Amino acid sequence: MSQHVFKRAAVVAATVGLAGLFGAGIASAHVTANVYGDQPAKGGYGSIFFRVPNEDAKLGTVKLEVDIKPEYGIGSVRTKPIPGWTAQVTESALPQPVTTASGTKITEAVTKVVWTAQPGTKIGQNEFQEFQISAGPLPANVDQLEFPAIQTYEGGKVVEWNQPTPAGGEEPEHPAPTVKLAAESTDGDHASMTAGASGTEAAAPASEDTTARWLGGAGLVVGALGLGIGGGAVLRSRLAATGHSAANGNTEGTK
């Protein structure tokens with residue numbers, strides 16, 4: 001009886017586990033914005049990767065459009081070249097100037113980035129591609145960035161990833177890619193950290209050079225001592241041999 005109950009429990013647990021895995025795979029199969037390493041800080045610059053999986057069994061993905069909200073006032077966006085893809089960054093005049101964390105007023109900002117596949121290139125079945133940008137200065141008055149995106153397949157099929165995810169709520173069917181921002185850091189802290197790192201790096205070679213010189217000097221001293229000891233031993237050996245020969249000669253003369 002107990003063995004039967006345990007078997008049923010094991011089957012149920014395995015079924016639930018598989019369902020969770022498949023559910024996670026389905027839920028994660030959408031366009032996302034990812035950060036590798038430290039989160040970008042408010043008012044600073046950051047590198048963002050848009051991951052685009054192909055969800056169609058027959059059609060390949062040939063285009064990605066990412067909208068950047070004008071109110072963010074992001075004045076600079078650079079794209080990383082990807083073989084087989086072209087990137088276009090669009091700047092637009094802002095309805096109202098945006099003041100950055102440093103006090104600079106922005107009247108034009110980047111509002112869209114579009115990646116288009118060249119002939120013969122696409123994101124195929126069971127494949128994904130990452131599109132990287134470096135952007136800034138990032139807004140200092142929001143906790144996260146939201147990037148509505150449009151994924152275009154061969155033949156003109158379009159999927160929009162533009163639904164906001166409510167705080168503490170369930171993720172929608174087509175969520176917009178988002179990136180959380182870290183707390184704003186001051187330039188002074190950044191400068192001091194850079195200077196501290198440079199000083200540490202500069203001190204390390206100097207210390208290593210001093211140590212090397214001490215070791216080299218010690219090696220020379222040890223080598224000199226070794227030569228002296230070896231030379232003394234050879235001299236003593238020769239003197240002993242000479243004395244032995246002289247003694248033998250005196251003995252023979254006496255006889």
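In this chain, residues are counted from 1 in sequence order. Bear in mind the structure is a predicted one, so any value in this text is a computation, not a measurement.
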Review point. Between W161 and E173, what is the shortest heavy-atom contact and its length?
Key: CZ3-O, 3.9 Å
Check your understanding: Given the rule that I, L, V, M, F, W and Y join up when any side-chain heavy atoms are under 4.5 Å apart, are L145 and V35 in one cluster?
Key -> yes
Exercise for review: Could you walk me through whether Q129 and T61 pass the side-chain contact (heavy atoms from CB on, under 4.5 Å) test, one step at a time?
Suggested key: CA-CA 9 Å; Q129 180 62 270; T61 297; over 6 Å; no
**Study point:** E160 side chain to P148 backbone, donor-acceptor under 3.5 Å
**Key:** no
Check your understanding: If Ile, Leu, Val, Met, Phe, Trp and Tyr residues are connected whenever their side-chain heavy atoms lie under 4.5 Å apart, and connections chain through other members, are V98 and V110 in the same group?
Key -> no
Exercise for review: Return the orientation label for the W85 and F131 ring planes: parallel under 30°, perpendicular over 60°, tilted otherwise.
Suggested key: perpendicular
Check your understanding: What are the two closest non-hydrogen atoms of Q125 and A57, and how far apart are they?
Key -> OE1-O, 3.2 Å
Review point. Does any N or O in the side chain of E108 come within less than 3.5 Å of the main-chain N or O of E91, such that one atom is a donor and the other an acceptor?
Key: no
Check your understanding: According to a 4.5 Å side-chain heavy-atom criterion applied to Ile, Leu, Val, Met, Phe, Trp and Tyr, with indirect links allowed, do F50 and Y45 form part of one hydrophobic cluster?
Key -> no
Review point. How close do I74 and G136 get, heavy atom to heavy atom, and via which atoms?
Key: CG2-N, 3.6 Å
Practice item. May I ask you to check whether over 12 heavy atoms, not counting those of K180, lie within 6.0 Å of atom NZ? Key: no
Exercise for review: Establish whether V89 and V52 are linked, either directly or via other cluster members, by ILVMFWY side-chain heavy-atom contacts under 4.5 Å.
Suggested key: yes
Check your understanding: Any side-chain donor paired with an acceptor under 3.5 Å for S47 and Q132?
Key -> yes
Check your understanding: Got a second to check how far L64's CG is from T152's OG1, nearest 0.5 Å?
Key -> 8.5 Å
Review point. With distance as the sole test, does N54 use its side chain to make a donor-acceptor pair with the main-chain N or O of L59 at under 3.5 Å?
Key: yes
**Study point:** Minimum heavy-atom distance E130-F49, with the two atoms named
**Key:** OE1-CD2, 4.2 Å
Check your understanding: Are V66 and V142 connected, step by step, through hydrophobic side chains (Ile, Leu, Val, Met, Phe, Trp, Tyr) whose heavy atoms are closer than 4.5 Å?
Key -> yes
Check your understanding: Under 4.5 Å between any side-chain heavy atoms of W115 and I133, yes or no?
Key -> yes
Review point. Can you find a pair of side-chain heavy atoms, one from I150 and one from K63, that are under 4.5 Å apart?
Key: no
Practice item. Using modelled atom types only, decide if a donor and an acceptor are shared between the side chain of Y153 and the backbone of E55 within a distance under 3.5 Å. Key: yes
Point to revise | Heavy-atom side-chain contact between P177 and N34 under 4.5 Å | key: no
Check your understanding: Between NZ of K42 and CG of L138, what distance do you get to the nearest 0.5 Å?
Key -> 11.5 Å
Check your understanding: For the side chain of Q88 and the backbone of V114, is there at least one donor-acceptor N/O pair under 3.5 Å apart?
Key -> no
Practice item. Enter the distance from I106:CD1 to T100:OG1 here, rounded to the nearest 0.5 Å. Key: 5.5 Å
Check your understanding: Quick one: does T107's side chain get under 4.5 Å of L94's, heavy atoms only?
Key -> no
Practice item. Quick one: pull up CG in N141 and CD in E71 and give me the separation to the nearest 0.5 Å. Key: 9.0 Å
Practice item. Drop me the distance from D56's CG to I123's CD1, to the nearest 0.5 angstrom. Key: 12.5 Å
Exercise for review: For residues I48 and F147, report the shortest heavy-atom separation together with the two atoms involved.
Suggested key: CD1-CZ, 3.9 Å
Review point. Between K157 and K58, is any pair of side-chain heavy atoms under 4.5 Å apart?
Key: no
Practice item. Identify the two heavy atoms, one from A135 and one from V77, that lie closest to each other, and give their separation to 0.1 Å. Key: CB-CG2, 3.9 Å
Point to revise | CG on D143 to OG1 on T178, rounded to 0.5 Å | key: 12.0 Å
Check your understanding: Between Q163 (side chain) and H174 (backbone), is there a donor-acceptor pair under 3.5 Å?
Key -> yes
